[in-house]
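Below is one structure, written out as C-alpha cells, with a few remarks after it.
The chains referred to below are lettered A, B, ... by the order of the sequence lines, with proteins before strands, and numbering in each begins at 1.
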Protein chains: 2
Amino acid sequence: MTAESPTTTRGRRADAERNRERILEAARAVVGEQGTQASLRDVARRADVGLGTLYRHFPTREALLETLLRERFDGLAARAAELGRSLEPAAALTEWLHGFILSTGGYRGLAGSLMATLNDEDSPLHASCLAMREAAGQLLGRAQESGRIRPDVDGTDLFALVNALGWIADQAPSAADRGAHLFTVFMDGLKTRPASGAPDPAGP
Amino acid sequence: MTAESPTTTRGRRADAERNRERILEAARAVVGEQGTQASLRDVARRADVGLGTLYRHFPTREALLETLLRERFDGLAARAAELGRSLEPAAALTEWLHGFILSTGGYRGLAGSLMATLNDEDSPLHASCLAMREAAGQLLGRAQESGRIRPDVDGTDLFALVNALGWIADQAPSAADRGAHLFTVFMDGLKTRPASGAPDPAGP
DNA sequence: ACCTGAACACCGTTCAAGT
DNA sequence: ACCTGAACACCGTTCAAGT
C-alpha cells in the first residue's frame, strides 16, 4: 500500500478541489471590493494560484460569476414563489422588489451583469436570471389581475427598472438609498388610481 | 516676404488647429460607434495622428468628451429656462425630461459618464452638468410649488432617475423605448393624487 | 511649437512546458 | 491530471527624440 490520505478519495483531485475553493473565496473578496469588473489577475494573486489554474477551473469570467451569484438568484426566485403564497398580490410584489434591491444593492456592476446575462442566451447564468425575472413577472401579473396595479407594465419593464435603480447605487456611494426612495415613488405610480371623486370601480 | 498662406495667421499654429479638428471629428465618429468607453488609440488612428498628439490636445479623456458634450449639455440647460418661461410648470418639466431622454438616449455610456462627472468636482464638465441638473431642479421646484407634483423628490433624485432610465437603453438595443415607457409611469407617480372623493386642495 | 512612436504598467486569454 | 508563468494582443498614459 502506498501512502494515501484518508480525505483524498481520488488521487490528486483533492488538490484541485482545494484550489477551486481558494479561487472562489478570493473571488468573493475581490468582487466584493472591486465589483463585477474585478481583475481576474487580482483574484488569482489573492488565491495564491497561477493564472492558468483560474482559467482551468473557470474558463470564462461568466463561469466564475455564475458560481458566486447563482445561489443568490435562485434564492430570489424561490422567495417570489413563497411571497406569492403568503401575501396578497400587490404586497407580495412590493415586498419582493424591496428584497431584490436589498440583496443586490452595493454589488457594483451587478445590475449591468444581470442585464447583459438576460440578453445572452449562451451565458451559464442566463437560465437563473430568466427564472428570477419570470418569478417576479408572476407576482406582477397577479397583482395586475387584482386590479391594484396598472396593466401597462410587464415583467421585463419592471425588472429593467429595478436594475436601473440598482445601477444608481453603483455610481456614487452616497446614492445608495436614493434608489430605494425612487422605488417607492415608482411603486406609487404603478398603483391604479380611482377616478377622482368616483366610487371604487370594484362595485358598479 | 516669405510664403505665408492667407489662412495661416500665426505660423504653424494652423497645422495644430487642423489636427485638433481631425481628432474631434474622429472622436465624434468613434464615440458614436463604441460609446463613451471608446479606445483613444482608435480615435488617434482614425484621425491619422500620433497618439501623443491626441494627448497634447486633450490631456485626459474627460477633456475630449468635454468638447463633444458641453454644447449638448449647455443647450439642455438653456432649453430648461426657455420651457420654464413658455409652459406651465408641470408641462415644462415633463417636456424637458422627455427632451433630455431623446437627446441622451443611444449614446452608450453617457449616463454613467454624466453621473461620474457630477460626482467629480475636478472634471471639466462638472460645471455644465451641474448647471443642467439645477436648471431641471428649478423646473421641478416650480412644478412642486404649483401643487401638481409630489414634494418629496428633489432635483438630484429626479436627475438620477432619468439617467438610470437612459442606462437601460445602453444595455440592449431593443430596450431603447422601454426607458421612455417607464418614464411615463414614473411621471404618473410624481403627480399628486387628490384625496379620494375630496375636493381640490386649492380651495378650502 | 508641435508631432511621433517606443516604453511602461496594466488587462484578458492562451498554451507549451513542467510535475 | 493538474499547475505554472511566459507570451500575445490589447489598453491608457508618459516622455525622449525628432522636425
C:dA9 and D:dA6, which share atom name P, separated by this distance in whole Å:
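Comparing P positions in D:dA6 and C:dA9 gives a spacing of 15 Å.
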Can you check the distance between D:dA7 and C:dC8, where both ends of the measurement are the P atom (answer in whole Å)?
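Looking at atom P only, D:dA7 and C:dC8 are 16 Å apart.
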Intermediate values then yes/no, side-chain contact (heavy atoms from CB on, under 4.5 Å), A:N163 and A:F100
CA-CA 9 Å; A:N163 270 286; A:F100 176 85; 4.2 Å; yes
Interatomic distance, [X] [atom1] vs [N] [atom2] [rounded to whole Å]:
X: A:Q37; N: C:dC10; atom1: CD; atom2: P; answer: 19 Å
X: A:D48; N: D:dG5; atom1: CG; atom2: C1'; answer: 14 Å
X: A:L64; N: C:dG12; atom1: CG; atom2: C1'; answer: 13 Å
X: B:R45; N: C:dT4; atom1: CZ; atom2: C1'; answer: 15 Å
X: A:F58; N: D:dC3; atom1: CZ; atom2: C1'; answer: 15 Å
X: B:Q34; N: D:dC11; atom1: CD; atom2: C1'; answer: 12 Å
X: B:I23; N: C:dC2; atom1: CD1; atom2: P; answer: 12 Å
X: B:R56; N: D:dG12; atom1: CZ; atom2: P; answer: 20 Å

Toward the 5' end of DNA chain D, which comes first, A:V49 or B:R61, by nearest nucleotide?
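Whichever sits nearer the 5' end wins; that is A:V49.
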Are A:S39 and C:dG12 close enough that a side-chain N or O sits under 4.0 Å from OP1 or OP2?
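Checking A:S39 against C:dG12: at least one side-chain N or O falls below 4.0 Å of OP1 or OP2.
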B:H57 vs C:dC3: side-chain N/O to OP1/OP2 distance below 4.0 Å:
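Yes, such a contact exists.
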Hey, could you give me the OG1/CG distance between A:T104 and A:L165, rounded to the nearest 0.5 Å?
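Result: 11.5 Å between the selected atoms.
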State the CG-CG distance between B:L97 and B:L139, to the nearest 0.5 angstrom.
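Interatomic distance, B:L97 CG to B:L139 CG, rounded to 0.5 Å: 8.0 Å.
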First of A:P59 and B:L54 reached from the 5' end of DNA chain C, by closest nucleotide
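Going by which nucleotide is closer to the 5' end, it is B:L54.
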Could you say whether B:R20 or A:L51 is positioned toward the 5' end of DNA chain C, judged by the nucleotide with the nearest heavy atom to each?
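The residue whose closest nucleotide sits nearer the 5' end is B:R20.
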Which nucleotide sits closest to the side chain of [X]: [options]?
X: A:R41; options: D:dC3, D:dG12, D:dA7; answer: D:dA7
X: B:N19; options: D:dC3, D:dT13, C:dC3; answer: C:dC3
X: B:Y55; options: D:dA7, D:dG12, D:dC3; answer: D:dG12
X: B:A16; options: C:dC2, D:dC3, D:dC11; answer: C:dC2

Electrostatic pair B:R22-B:E17, nearest N-O below 4.0 angstrom:
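Salt bridge flag = no for B:E17 with B:R22.
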Just to be sure I understand the rule, does A:A38 reach a base, reach only the sugar-phosphate, or reach nothing, if contact means heavy atoms closer than 4.0 Å?
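Sugar-phosphate, no base atom in range.
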Identify the nucleotide, in any strand shown, that forms a Watson-Crick or G-U wobble pair with C:dT14, with both distances under 3.5 Å; if there is none, say none.
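Check on C:dT14: paired to D:dA6, both distances under 3.5 Å.
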Does the side chain of B:N19 come under 3.5 Å of the side chain of B:T53 through a donor N or O and an acceptor N or O?
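There is no such pair (donor and acceptor under 3.5 Å, judged by atom type) between the side chains of B:N19 and B:T53.
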